[in-house]
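Letters go in sequence order (proteins before strands), and every chain restarts at 1. Treat the numbers as computed from the prediction; the structure is a model and nothing was measured.
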Amino acid sequence: MNPYFVLGVPRDADDARIRRAYLEAVKRSPPEIQPARFKVIAAAYEEIKDESSRCHHELFDTECPGDSPFDVVVRHARLTVPSAPLDFEVMKAYLRACAKP
Amino acid sequence: MRGLLAQEKWREARNDLKTLVKSDRARFLPLLIESNLGLARTMLASGQEAQARQVMAYLATLVPADQMPSLEARLTMDAGPAGPSPAAGIAALADATVERSEPDRRQLADHVVLAFEPVNAAGPAEARLAGEAGAIHAALQSMARRDWAAVTETLAQVPHRSPFSHWAIFVKGLMAFHTGGEERAAKLLQNLPEGSAPAKAAQAYLHLLAKPPAPAGGEPLKEPPPEAVVAAICRLVGAGELARVLNRAERQWRSGNHVESYRAVRDGLTSFPSAGLDWPGLLGEFYFKAPFGMPRAHAVRFLDFFAGLIERRRVKNDAEAMFAHRLLVLMGQAAAPPGDLRAEWEAFLRARRAIRGMNPRLESLAYGWLGTQMAAMQRSRGFFAGPPVMRNPEGAVKMFLRSIELDPGNLAPHLALIEVYATLKKRTEQNRLLDQMTVRFPDDKQVLVRAAEGCLERKAFGKGLDYLTRARQLDQLDPRIPELTVAGLCNQARQYFQQRRPEKARHALAQAEAWLTDQPADFRRGRWTWLARHGVMERTWGDAAQGKGLLARARELAPNPATLLLFAHLASKECAGSSFRGETDFLKELKKVLRVAPRLAEIGLWLRLLDQWRTEDDEIEVRFEEELIAGVISLALSQPFTRAEAAEVMERARDNPEFERALRQLVKKLLVADPRDPQARIWQLELNDPWVHTPEQNRGEIQSVIEEASRRRDEPSLRRAREMLGDLDQPPFPRNPFGPDFAGPEFEEDDDDDFAPGGGPLPPEMLEEFGELLEAMRVAPESALRELRQTAKLNGMPDFVLDQLIAAAKGKPLPPNFPPPPLPKVGSPPSAPKPAPAPLKPPKFDFNQRELF
């Protein structure tokens, strides 16, 4: 998965911001409760924790974020949705849209 | 009639149906209800609420009273929150006089919940139901705030028999989902009543809980997900507009039509591909990284598509240009000519700069990588296949210098450039750069060690030893530092002896003593090696008696007398200088010792010693010693030996033609003992003459070796055999990674980088050289041809090939399929008149002066 997506930081984030985002993500998904998600978060942090790693990732990373376009979306949703319930208004819209025939 | 309904022409359909109902009520009443519902829905959508209520009032005259709440609920769900009040739904649910089925009750409950409005209750039953619906809303709100305790508390107000109980289960399922209780979430969400609104909403969550589709290694996946699930997940992640495009792209991808899948997204999403952190960015990342894991044929087709876009200048935006150039470079790095590689990589950097601005550190890394590609060693092809050569040394130097210029703090290109200079034997540039590096990176151990090596090579021992002292302060555990220290001190001592300063020499050797080990097989720091060196130096320049004593002590500690004699002989040669060609006393003694058959283990040890000596001092010539050792291998084979001992000899001597005959005997012996031994069979394959056996002929044997190695669980042999098979299976890839043509002005610079010794047709220079060679052969005296034969043999060319060339030069025809003759030159028109060859031209070069191969 794209490490910037995983940690929820912009591409121009500096080391301190990335570290902060990493710690927040770990707080949301502690290793003892969500070990799989924690592993993804830790790997993402390793990939972009300093400028050298970020440059290397941008130039040479070849790890595909999924097996198919839909799988990419699902993997991304698996990563982001469980940690954050939908906002109430978004949930309302979602439920109504799903109920439509 | 149904046509009018299908076209949503509600009013016309209703007017016609009013008449038809009179003739056949049972048949046409449902259609009349549909047309009225459709009309009301259309009115609501356009804000005509009052008119919609009139239509519903008319509908109430047509259907039984108990069916109206269901119809109103349908209208609400279809029309959204703008529909009629959910109070009717609550009233219908509370009406105990009407018997309702469970699905009807659930539908009414769904209508009430989805309205998300407070209900004014008319009686206690309505108030209870309204309270339960409100509890569902409150629980959803608490969940959004992650107030899990409040969610649990609120849901307690919804009893098990409530018509809203399936909503309570849904909310509990979501709570489990968001708090990591995946199994509980799956259990709750799977048990929702089919067809209900929560069950439909749960589909996306259930998909997220399921295991991902099994990766099929790039093979087309089966069974695309239902469109409803795709749509639900897209809605869940807030990208509802993505669903249609994603469904189409997914179907194409799973059918193996990767390019069409990319096109579906490219045409369907305006901002795709994007370099941003959004959905187009994520999908773009997928498409531009997927080829790295695809089967070759699929990847080639995908790359061809992007190469075509670039060639026709049809890229959609800067992001597409950036990703496409990057993909083409990283996928084609091994096969692309260095000039194309550079042009493509710089195009990537230009596109990147346009999107994200200049980043010197990133560009320094990028040019460093390009330098590494150009500095890669590869086997040369063509007539004169010899040892591996650097792909493009001049290009590598340029790229590393550019990388350093962009970021002088980037150590990697410095280190890589040092290695390139060392390979090119550009000592001055190498030493200058090492001096710069010690200033730029004063506390980097790697730099200090490399600088020390450079100093020791150019005999600046004091400076080199000083660097080693600094390096040791940074890392006391690196074994390379004491090894270099001992070597530096011994060489310094030799220099002092040569300068007739024996006391200083002995002092230097005494300093080295602190770093010695008692390992007999350690040729760098072993005590006996130090004693032997010291002894040889004393014997040569100092106190001969002391030297004899030191050698006697060395003999006691050495692994065996022959090894000591070989070591002392090499040390003596070193003292005598690189011009020495005679036999030392130690060598004479060694020859006597070798009359008794040595063990193969000893031969492995000697080969290691020669390897090490060659590495440390590239001026010293050890070919004579290699011949000597090669000559005694056959004797050693009469002694018992282990497979590991044979492996050491094989690995150290396999690339040396001097040993070919002896190694064939060794492999034969191994195969006699065990005819199916996979390792020995691999060696046999590797010893096959590449000019006689085609790799294809070996395919069957390799496959048989793989089976045997798998059976014996011989992992190293299995790995090597698979590599060999892979070499046979992999044609140069991609055939033309950058598309057919790069005629733009930006690709025309640096023509000097374009020579690619690793592939493609032979360049004109090589053909011209071949022509000159043939011409020289034609007129060369027999003595020169004899020398040429020896040189060719040393470079691995069989006699019969050279014989054919000489025959061709002297006027005999070449056999079919032989390398083409040099004329006409590439680029000249085929019909151009060829000048008649001069009858007896003098040779253009002297075979004794020019190295041919």
Side-chain angles (χ1 to χ4, degrees), chain A residues 1-2 4-5 7-13 28-30 32-37 51-52 54-101, chain B residues 77-78 80-81 110 113-114 116 140-141 143-144 146 174 177-178 180 197-198 200-201 203-204 207-208 212-213 215-216 221 224-225 230 232-240 242 246 249-250 253-254 261 265 277 279 282-283 285-287 289-290 292-293 326 330 356 359 361-362 365-366 369:
Chain A
M1 283 300 294
N2 183 312
Y4 295 94
F5 272 115
L7 297 178
V9 290
R11 278 195 197 277
D12 58 355
R28 279 198 305 274
S29 305
E32 59 278 10
I33 294 176
Q34 295 175 318
R37 194 165 305 146
E51 197 185 350
S52 172
R54 288 193 288 279
C55 291
H56 200 272
H57 174 82
E58 186 177 346
L59 288 171
F60 308 119
D61 181 65
T62 56
E63 196 185 332
C64 192
D67 297 321
S68 73
F70 176 62
D71 185 44
V72 172
V73 175
V74 170
R75 284 192 196 200
H76 179 69
R78 277 200 184 110
L79 203 69
T80 51
V81 175
S83 58
L86 294 186
D87 178 74
F88 182 61
E89 289 303 320
V90 179
M91 175 58 92
K92 265 162 75 173
Y94 171 67
L95 291 172
R96 282 176 175 156
C98 289
K100 277 190 178 175
Chain B
M77 281 186 280
D78 293 354
D110 290 351
V113 171
L114 291 172
F116 285 102
L140 286 169
Q141 278 175 321
M143 189 172 65
R146 299 178 194 222
L174 293 198
F177 179 84
H178 289 298
K200 288 178 187 169
Q203 275 190 22
H207 201 85
L208 296 183
L221 298 167
V230 176
I233 287 185
C234 287
R235 284 189 204 112
L236 192 61
V237 297
L242 203 66
L246 195 60
E250 184 70 12
W253 188 268
R254 289 186 185 231
S261 174
V265 185
L277 294 172
W279 287 109
L282 190 63
L283 285 171
E285 189 180 346
F286 164 73
Y287 281 107
K289 287 184 178 170
F292 293 100
R326 178 185 179 276
L330 295 185
R356 294 179 183 151
N359 180 344
R361 287 188 74 174
L362 180 134
L365 253 176
W369 178 84

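- A pairwise comparison of heavy atoms in A:Phe88 and B:Leu140 identifies CE1-CB, 3.8 Å as the closest pair.
- How far CZ of A:Arg28 is from NE2 of B:His178: 13.0 Å, rounded to the nearest 0.5 Å.
- Among B:Ile233, B:Val230, B:Leu283, the residue with the largest count of heavy-atom pairs under 4.5 Å with chain A is B:Val230.
- In terms of heavy atoms, A:Leu95 sits closest to B:Ala201 at CD2-CB, 3.5 Å.
- The CG atom of B:Asn359 sits 11.5 Å away from the CG atom of A:Asp12 when rounded to the nearest 0.5 Å.
- Both the backbone and the side chain of B:Leu282 come within contact range of chain A, with heavy atoms under 4.5 Å apart.
- Under a cut-off of 6.0 angstrom, the local environment of CD in A:Glu63 is sparse, with at most 12 non-hydrogen atoms contributed by other residues, nucleotides or ligands.
- Between B:Trp279 and A:His76, the ring-plane angle classifies as perpendicular under the 30° and 60° cut-offs.
- The candidate with the highest count of non-hydrogen atom pairs below 4.5 Å against chain B, out of A:Asn2, A:Leu59, A:Val74, is A:Leu59.
- Contact of B:Leu246 with chain A is made through the side chain alone, with heavy-atom distances under 4.5 Å.
- For chain A, the nearby part of B:Phe292 is the side chain; its heavy atoms alone come within less than 4.5 Å.
- Looking at residues two or more places apart in sequence or on another chain, you find a side chain to side chain donor-acceptor pair (under 3.5 Å) between A:Arg54 and A:Asp15.
- With sequence neighbours left out, A:Arg11 forms a salt bridge (Lys or Arg N to Asp or Glu O under 4.0 Å) with no residue at all.
- Looking at A:Val90, neither its backbone nor its side chain comes within 4.5 Å of chain B, counting heavy atoms on both sides.
- Two residues are said to be in side-chain contact when any heavy atoms from C-beta on lie closer than 4.5 Å; B:Phe177 and A:Pro85 fail this criterion.
- A:Cys98 and B:Lys200 get closest at one heavy-atom pair: O-CD, 3.3 Å.
- Ranked by heavy-atom pairs shorter than 4.5 Å toward chain B, the options A:Glu58, A:His56, A:Met1 are led by A:Glu58.
- To the nearest 0.5 Å, atom CZ of residue A:Phe70 and atom OG of residue B:Ser261 are 13.5 Å apart.
- Rounding to the nearest 0.5 angstrom, the gap separating the CD atom in B:Glu250 from the CG atom in A:Asp71 is 7.5 Å.
- Contact count against chain B (heavy-atom pairs under 4.5 Å) is highest for A:Glu51 among A:Glu51, A:Glu89, A:Met91.
- Of all the heavy atoms in B:Lys289 and A:Asp61, the pair that sits closest is NZ-OD2, 2.6 Å.
- Contact detail for B:Phe286 and A:Cys64: the closest heavy-atom pair is CD1-SG, 3.4 Å.
- The minimum heavy-atom distance linking A:Ala99 with B:Ala197 is given by the pair CB-CB, 3.9 Å.
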